[in-house]
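For the single chain, residues carry numbers from 1 onward in sequence order.
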Amino acid sequence: MKLLLIEDNPAMQTTLQRSFQRRGIQVVPCTDGARALDRWRASVPDVVLLDLSLPGLDGLQVLTQARTEGLNTPVLILTARGTVGDRILGLNSGADDYLPKPFDLDELEARIRALARRRELPGATETAAPAFAGLSVDGLSGAICLNGAPMELTPREAAMLRALLARPGQALAKERLVEVVFPGEAVQADAIEVVAYRLRKRLAATGAQLVTLRGLGYLLKAAA
């Protein structure tokens with residue numbers, strides 16, 4: 001897997017590059033926005049890890065320009081800006097995931113590999129998914145919207161809801177959802193129940209309902 005690492009802090013860039021290379025990930029490092037876009041265009045990576053505070057073009061400008069040009073590589077924003085507003089702004093600009101600093105390297109690697117796998121899923125497309133009960137997934141950013149407005153969800157809640165929205169009305173097994181929600185983590189299938197409980201509360205005011213099917217898993221259906 002090839003990762004485009006866009007980070008202007010020399011110490012952080014060196015630490016991440018060494019860590020990823022030890023984990024078998026090829027890293028293309030870059031320290032400024034304009035050069036990052038050039039490298040992105042020249043050799044499309046599997047995933048982009050993007051800091052927001054960059055010299056010249058900042059991270060959001062890089063991301064917006066890339067999406068405008070049709071560069072649809074999955075992007076994970078890694079930044080010290082961790083407010084809900086910053087996360088929504090990043091997702092609306094075309095990011096697929098968001099991890100605030102400080103962070104855990106194992107979690108960062110798991111999220112990067114999850115983005116790479118999502119890109120490789122059979123039938124995956126880069127267009128917006130059809131709306132279901134007012135819910136929709138932006139095909140470029142992966143952000144989930146309710147009636148056009150971004151929802152405030154944790155990464156795990158969003159991952160589970162994206163998977164369910166891809167097949168509304170069809171049951172997804174717990175084991176499959178665990179792979180999507182806890183990529184690379186050694187957890188029991190029952191771990192998904194906590195995420196499902198929280199997601200069910202998030203959906204209470206929407207036109208969708210999360211249903212548990214004993215022995216089968218979960219499905220999303222229109223609320224009665």
Side-chain angles (χ1 to χ4, degrees), residues 63 67 70 72-77 83-99 107 110-111 113-185 187-224:
L63 183 54
R67 295 313 192 209
N72 295 328
T73 308
V75 173
L76 191 156
I77 290 178
T83 67
V84 172
D86 286 326
R87 291 199 297 271
I88 291 175
L89 182 59
L91 292 170
N92 283 344
S93 297
D96 297 88
D97 201 356
Y98 199 114
L99 187 62
E107 180 183 5
R111 291 191 183 210
R113 292 192 183 280
L115 289 176
R117 285 198 301 272
R118 185 191 308 166
R119 192 184 191 201
E120 296 168 358
L121 285 175
T125 65
E126 295 172 341
T127 58
F132 175 79
L135 297 168
S136 61
V137 182
D138 186 279
L140 293 180
S141 71
I144 299 175
C145 299
L146 174 61
N147 299 323
M151 294 184 68
E152 186 178 335
L153 300 167
T154 68
R156 286 174 177 167
E157 291 166 356
M160 183 172 182
L161 186 51
R162 275 192 292 265
L164 292 166
L165 282 169
R167 299 179 179 178
Q170 298 182 38
L172 287 181
K174 284 184 178 181
E175 292 78 10
R176 173 57 185 145
L177 287 169
V178 166
E179 293 176 1
V180 174
V181 177
F182 299 93
E185 299 181 49
V187 300
Q188 299 296 318
D190 289 347
I192 201 67
E193 293 178 5
V194 176
V195 182
Y197 171 77
R198 294 172 179 168
L199 182 57
R200 188 174 284 113
K201 293 176 67 176
R202 302 270 195 188
L203 295 174
T206 74
Q209 181 180 2
L210 179 59
V211 178
T212 304
L213 298 178
R214 189 175 299 276
L216 294 177
Y218 297 92
L219 67 78
L220 200 64
K221 73 172 188 177

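For Ile144 against Ala158, the heavy-atom pair with the smallest separation is CD1-O, 3.5 Å. Minimum interatomic distance between Ala95 and Ile77 (heavy atoms only, all atoms of both residues): CB-CD1, 3.6 Å. The minimum heavy-atom distance linking Leu115 with Asp97 is given by the pair CD1-CB, 4.3 Å. Nearest heavy-atom pair, Ala133 versus Ala208, reported as atom, atom and distance to 0.1 Å: CB-N, 3.8 Å. Contact detail for Leu172 and Ala163: the closest heavy-atom pair is CD1-O, 3.5 Å.
More than 12 heavy atoms of other residues, nucleotides or ligands shown are found within 6.0 angstrom of CZ on Arg200.
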Trace of the side chain to side chain contact (heavy atoms under 4.5 Å, CB included) decision for Met160 with Leu210: CA-CA 11 Å; Met160 183 172 182; Leu210 179 59; 4.3 Å; yes

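Here OG1 of Thr206 is found 9.0 Å from CZ of Phe132. Values are rounded to the nearest 0.5 Å. Note that the CG atom of Leu135 and the CG atom of Asn147 stand 8.0 Å from one another [nearest 0.5 Å]. Annotation: the span from Arg113 atom CZ to Arg117 atom CZ amounts to 8.5 Å, rounded to 0.5 Å. Between atom CD of residue Glu157 and atom CZ of residue Arg202 there is a gap of 4.0 Å, rounded to the nearest 0.5 Å. Rounding to the nearest 0.5 angstrom, the gap separating the CG atom in Leu199 from the CG atom in Leu161 is 5.0 Å.
Under the side-chain hydrogen bond (donor to acceptor under 3.5 Å, both in side chains) criterion, Glu193 pairs with Lys174, sequence neighbours left out. In terms of the side-chain hydrogen bond (donor to acceptor under 3.5 Å, both in side chains) criterion, Gln170 has no residue partners (sequence neighbours excluded).
Judged purely by atom type and a 3.5 angstrom limit, Arg156 has no side-chain atom pairing as donor or acceptor with the backbone of Ile192.
Comment: Asp96 engages Arg67 in a salt bridge, judged by a side-chain N to carboxylate O separation of less than 4.0 angstrom.
Put simply, the side chain of Val195 does not reach to within 4.5 Å of the side chain of Thr154, judged on heavy atoms.
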